[in-house]
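Down below is the structure, laid out as structure tokens.
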Amino acid sequence: MNHQESLYHFALQMGDNALILGQRLSEWCGHGPVLEQDIAITNIALDHVGQARSWLQYAAELEGKGRTEDDLAFLRPEFEYRNVLLVEQPNTDWAYTIVRSFLFDTFNYFHHVELTQSTDPGVAAIAEKSLKEITYHLRYSSEWMIRLGDGTELSHDKMQQALDDLWMFSGELTAMTSLETSLAAAGLAPDLSGIKPLYDGRIAAVIQEATLEVPSGAYMQTGGKEGRHTEYMGFILAEMQSLQRQMPGLKW
Amino acid sequence: MNLEQQFQARIDQEIKVEPRDWMPEEYRQMNIRQIAQHAHSEIVGMLPEGNWITRAPSLRRKVALLAKVQDEGGHGLYLYSAAETLGISREELIDQLHEGKAKYSSIFNYPALTWADIGAIGWLVDGAAIMNQVSLTRTSYGPYARAMVRICKEESFHQRQGYEILLTLCRGTQEQKAMAQDSLNRWWWPALMMFGPNDDQSTHTEKSMNWKLKRKKNDELRQQFVDVTVPQAEYLGITVPDPDLKWNEERGHYDFGEINWDEFWQVVKGNGPCNKKRMNDRIKAHEEGAWVREAAMAYAEKRQQRKLQQAS
């Protein structure tokens with residue numbers, strides 16, 4: 001794989017993470033626990049889909065086959081989707097939603113800080129543009145981790161349960177694939193082993209402040225970044241792609 | 001002049017009523033009712049459109065729809081705040097909605113079945129709402145009038161966006177155009193019903209007009225809406241589902257057919273296709289969010305306590 005191709009796959013991976021998490025968060029719209037948070041979570045979903053557009057537009061450009069952001073979002077099969085397993089996990093309730101975002105946002109933040117230094121100007125520019133939003137996402141989900149972890153007994157238990165259940169999907173964030181290894185070697189994307197201690201440290205600190213416990217289970221699921229997904233993914237795509245699949249090739 | 005006469009005199013001079021001003025109790029209650037109904041409509045209105053966010057056919061449309069529905073939530077938020085200036089809490093207002101004591105716009109009891117409906121809701125539903133809301137920027141209660149100014153700006157953006165969705169469909173394939181026509185067929189009459197009963201049937205009109213809670217009558221607004229909207233449908237190339245619709249040269253307005261008032265009252269009474277679903281969705285969100293709200297309060301109190309302890 002040459003650099004151009006590697007970057008294309010990387011842009012897809014970044015776009016898919018943002019798109020699938022944005023899709024999940026947007027399911028909350030109109031159903032949030034209180035109006036202010038309904039608006040806030042919808043706004044965050046909007047940020048993610050906006051970032052997905054930047055990455056998928058860039059991917060389409062790198063691929064150079066005349067495909068568009070929408071072709072990539074709506075006409076790829078599941079095994080070509082490169083998002084991590086974490087983001088496709090269901091909303092379940094506000095606790096799972098916050099934990100999922102918190103784990104992802106923490107990684108996403110440190111990752112983007114490094115990506116602004118990419119030797120590829122396209123990657124650096126998207127990272128730069130997204131960083132302000134991502135900084136806010138991390139603040140939002142961290143605050144809710146603490147608020148609910150240290151809220152009532154019920155909220156504490158719900159948060160610990162969500163953390164325990166989602167934990168096995170968190171390791172994939174910092175587990176390097178061969179694509180990421182080769183990108184890191186070329187300075188196009190960061191070496192994730194450098195990000196891992198920062199990520200682990202921040203996660204542990206927030207979990208502690210939230211009076212929660214870091215789950216002990218160490219076995220981690222992987223595969224999303226290589227196109228092997230959980231059972232949830234097929235339903236996400238069936239819903240998201242439905243119109244484009246029913247009536248392909250049209251303008252909307 | 002007694003208090004009530006002084007109050008009326010100020011209204012007649014177009015002086016806005018502000019939260020701390022004296023006002024007749026009935027004026028206060030009518031305002032609460034109207035503002036709350038409007039706020040509830042924004043919140044319930046998020047549901048039919050929210051239903052299509054996950055299925056929007058392009059990323060650009062998905063972003064625009066998310067932003068739109070988020071705006072509706074924002075409108076709800078500042079309308080609830082405007083109602084709160086009249087001495088009622090948001091919790092009370094929401095309880096009234098969930099208990100079926102407060103109303104919301106009946107239009108949201110109709111289903112959003114296709115992508116074209118997202119266009120039709122923006123074009124017709126927001127379009128009808130704007131007709132009413134523009135007149136309300138001059139309503140006598142200050143906080144409500146000011147909220148309306150801001151809301152109207154965003155609503156007219158939504159309306160253009162909705163129209164543009166339909167325009168794209170009407171310039172597309174036969175199948176897309178048929179989808180647009182079908183959505184107009186289903187939304188036209190409910191949109192006309194949004195202006196409420198005919199003036200001779202409307203119970204609150206006279207008092208509302210004197211107190212300038214309402215600035216234009218139902219039938220006047222409805223006519224204005226028909227006159228503006230029919231040429232827009234012609235431009236799209238789709239047909240308004242009313243065989244009696246005809247330009248009346250003498251009146252300088254369109255004549256249109258009789259509204260099915262039986263359907264209107266049935267939907268108001270709870271027998272529309274989605275009344276139960278909309279209310280169940282709202283109640284479910286509220287109940288499932290209870291532990292989150294309680295935990296947030298508990299945490300805020302703990303933090304306050306810790307601050308006090310540190311200070312002492």
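Each chain gets a letter, A, B and so on, in the order its sequence line appears, and its residues count up from 1.
The local environment of CD in A:Glu231 is sparse, with at most 12 non-hydrogen atoms from other residues, nucleotides or ligands closer than 6.0 Å. B:Phe157 CZ: 12 or fewer foreign heavy atoms inside a 6.0 Å radius. A 6.0 Å sphere centred on CD of A:Gln208 holds no more than 12 heavy atoms belonging to other residues, nucleotides or ligands. Within 6.0 Å of CZ on B:Arg150 lie no more than 12 heavy atoms contributed by other residues, nucleotides or ligands. Atom CD of A:Glu5 has more than 12 heavy atoms from other residues, nucleotides or ligands within 6.0 Å. Within a 6.0 Å sphere centred on CD of A:Glu213, other residues, nucleotides and ligands contribute 12 heavy atoms or fewer. For A:Arg67, the CZ atom counts as densely surrounded, since its 6.0 Å shell holds more than 12 non-hydrogen atoms of other residues, nucleotides or ligands.
For a residue to count as touching a neighbouring chain, one of its non-hydrogen atoms must lie under 4.5 Å from one of that chain's; by this rule A:Ala95 touches chain B with backbone and side chain alike. Using a 4.5 Å cut-off between heavy atoms, B:Arg55 contacts chain A through both its backbone and its side chain. At a 4.5 Å heavy-atom cutoff, A:Ile236 makes no contact with chain B through either its backbone or its side chain. There is no contact between A:Ile98 and chain B, counting heavy-atom distances below 4.5 Å. With a 4.5 angstrom heavy-atom cutoff, B:Arg90 touches chain A only via side-chain atoms. Contact of B:Ala300 with chain A is not made at all, since no heavy-atom distance falls under 4.5 Å. Using a 4.5 Å cut-off between heavy atoms, B:Ile43 contacts chain A through its side chain alone, with no backbone atom that close. Using a 4.5 Å cut-off between heavy atoms, B:Arg282 touches chain A through its side chain atoms alone. Neither the backbone nor the side chain of B:Glu287 comes within contact range of chain A; no heavy atoms are under 4.5 Å apart. Proximity to chain B (any heavy atom under 4.5 Å) is restricted, for A:Ala73, to the side chain, taken from C-beta onward. Heavy atoms closer than 4.5 Å to chain A are found in the side chain of B:Leu169, but not in its backbone. Heavy atoms of B:Glu175 lying under 4.5 Å from chain A belong exclusively to its side chain. Residue B:Thr173 touches chain A through its side chain alone, counting heavy-atom pairs closer than 4.5 Å.
Looking only at heavy-atom pairs under 4.5 Å with chain B, the residue among A:Gln37, A:Arg53, A:His31 that has the most is A:Arg53. With respect to chain A, the highest number of heavy-atom pairs below 4.5 Å among B:Ala296, B:Ala295, B:Gly289, B:Ala285 belongs to B:Ala295. Interface summary for chain A: among B:Gly73, B:Ala298, B:Pro57, the most heavy-atom pairs under 4.5 angstrom belong to B:Pro57. The candidate from B:Val44, B:Ile94, B:Val292 with the greatest count of non-hydrogen atom pairs under 4.5 Å with chain A is B:Val292.
Atom CH2 of B:Trp52 is separated from atom CG of A:Leu243 by 5.0 Å, given to the nearest 0.5 angstrom. The OG1 atom of B:Thr54 lies 10.0 Å from the CE atom of A:Met240; values are rounded to the nearest 0.5 Å. Rounded to the nearest 0.5 Å, atoms CD (B:Glu288) and CH2 (A:Trp94) are 13.0 Å apart. Here A:Thr42 contributes atom OG1 and B:Met46 contributes atom CE; the two are 5.5 Å apart, rounded to the nearest 0.5 Å. Taking CD of A:Glu36 as the reference point, atom CZ of B:Arg293 lies at 10.5 Å (rounded to 0.5 Å). Between the CD atom in A:Glu69 and the CZ atom in B:Arg60 there is a gap of 9.5 Å [rounded to 0.5 Å].
For the pair B:Ile165 and A:Trp252, the minimum side-chain heavy-atom distance is 4.5 Å or more.
Applying the salt bridge (Lys or Arg N to Asp or Glu O under 4.0 Å) test to every pair with at least one member in residues 239-252 of chain A, sequence neighbours left out, gives no pairs at all.
Nearest heavy atoms, B:Gly76 versus A:Leu35: C-CD2, 4.1 Å. Smallest separation of non-hydrogen atoms from B:Leu47 and A:Gly30: CD2-O, 3.7 Å. When all heavy atoms are compared, the tightest approach of B:Leu59 to A:Phe74 is N-CE1, 3.6 Å.
Residues of residues 20-29 of chain A lying within less than 4.5 angstrom of chain B, judged on heavy atoms, are A:Gln23, A:Ser26, A:Glu27, A:Cys29 in numerical order. For residues 147-156 of chain A, the interface with chain B (any heavy-atom pair closer than 4.5 Å) comprises A:Arg147, A:Leu148, A:Asp150, A:Gly151, A:Thr152, A:Leu154, A:Ser155, sorted by residue number. Residues from residues 61-71 of chain B that place a non-hydrogen atom less than 4.5 Å from a non-hydrogen atom of chain A comprise B:Arg61, B:Lys62, B:Val63, B:Leu66, B:Ala67, B:Val69, B:Gln70, given in numerical order.
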